[in-house]
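Numbering of residues begins at 1 and proceeds along the displayed sequence.
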Amino acid sequence: MDDIKTFIGKLEAELEGLTPGSLTPETNYRQMPEWSSMHALILIALAETEYNISVTGDDLRSCETINDLYALLKSRTS
């Protein structure tokens, strides 16, 4: 699993409309004006392709911040 800075960089590259450096671990990604259901699907695909981890919509709803999402993915890499 990447460190959180690398993870954030991958998110910023994948999620349309985000400028590099705009996300922090404390960012509540679901409250971002750019957030949509399409972004949720992109996050699910990113977890699968980059980390070989299955993530569901319920998993995403249980997370609020980028750090929460990172912790979820990291806990599934053990």
Side-chain angles (χ1 to χ4, degrees):
M1 182 72 192
D2 295 322
D3 62 41
I4 192 150
K5 285 185 180 186
T6 303
F7 175 68
I8 288 172
K10 288 179 180 180
L11 285 178
E12 289 173 339
E14 291 295 322
L15 300 177
E16 293 180 20
L18 295 180
T19 24
S22 63
L23 297 179
T24 69
E26 295 79 25
T27 300
N28 185 328
Y29 64 91
R30 295 184 322 178
Q31 297 296 320
M32 297 181 335
E34 301 90 354
W35 183 254
S36 71
S37 58
M38 182 58 73
H39 289 105
L41 294 174
I42 291 169
L43 279 177
I44 290 169
L46 178 72
E48 182 66 38
T49 59
E50 289 289 323
Y51 307 110
N52 200 30
I53 299 169
S54 293
V55 176
T56 66
D58 287 339
D59 291 330
L60 293 182
R61 283 188 289 279
S62 73
C63 298
E64 290 189 16
T65 65
I66 300 295
N67 198 50
D68 293 341
L69 182 59
Y70 178 76
L72 171 75
L73 295 179
K74 193 167 182 174
S75 73
R76 295 190 179 175
T77 60
S78 304

Exercise for review: Side-chain contact test, heavy atoms from C-beta onward, threshold under 4.5 Å: evaluate it for T24 versus T65 and give yes or no.
Suggested key: no
Review point. Given side chains that start at C-beta, do those of I8 and K5 come closer than 4.5 Å, heavy atoms only?
Key: no
Practice item. Calculate, to the nearest 0.5 Å, the distance between atoms CG and CG belonging to L11 and L18 respectively. Key: 8.5 Å
Review point. Roughly how far, to the nearest 0.5 Å, is CD of E50 from CE of M1?
Key: 10.0 Å
Check your understanding: Is R30 salt-bridged to D68, cutoff N-O under 4.0 Å?
Key -> no
**Study point:** Non-hydrogen atoms of G57 and I44 that approach each other most closely
**Key:** N-CD1, 4.1 Å
Practice item. For N52, check side-chain contact (heavy atoms from CB on, under 4.5 Å) against everything at least two apart and list the hits. Key: E48
Exercise for review: Quick one: pull up CG in L60 and OG in S37 and give me the separation to the nearest 0.5 Å.
Suggested key: 11.5 Å
Review point. Where do T56 and D59 land on the side chain to side chain donor-acceptor pair (under 3.5 Å) test, with the steps shown first?
Key: CA-CA 5 Å; T56 66; D59 291 330; 3.2 Å; yes
Check your understanding: Is the closest side-chain heavy-atom distance between I66 and F7 below 4.5 Å?
Key -> yes
Check your understanding: Counting only N and O atoms by type, is there a donor-acceptor contact under 3.5 Å from the side chain of Y51 to the main-chain atoms of K74?
Key -> no
Check your understanding: Looking only at heavy atoms, what is the nearest atom pair of C63 and Y29, with distance?
Key -> CB-OH, 3.3 Å
Point to revise | Contact check, side chains of L43 and V55, non-hydrogen atoms, under 4.5 Å | key: no
Check your understanding: Does E12 reach the main-chain N or O of L23 with its side chain, forming a donor-acceptor pair under 3.5 Å?
Key -> yes
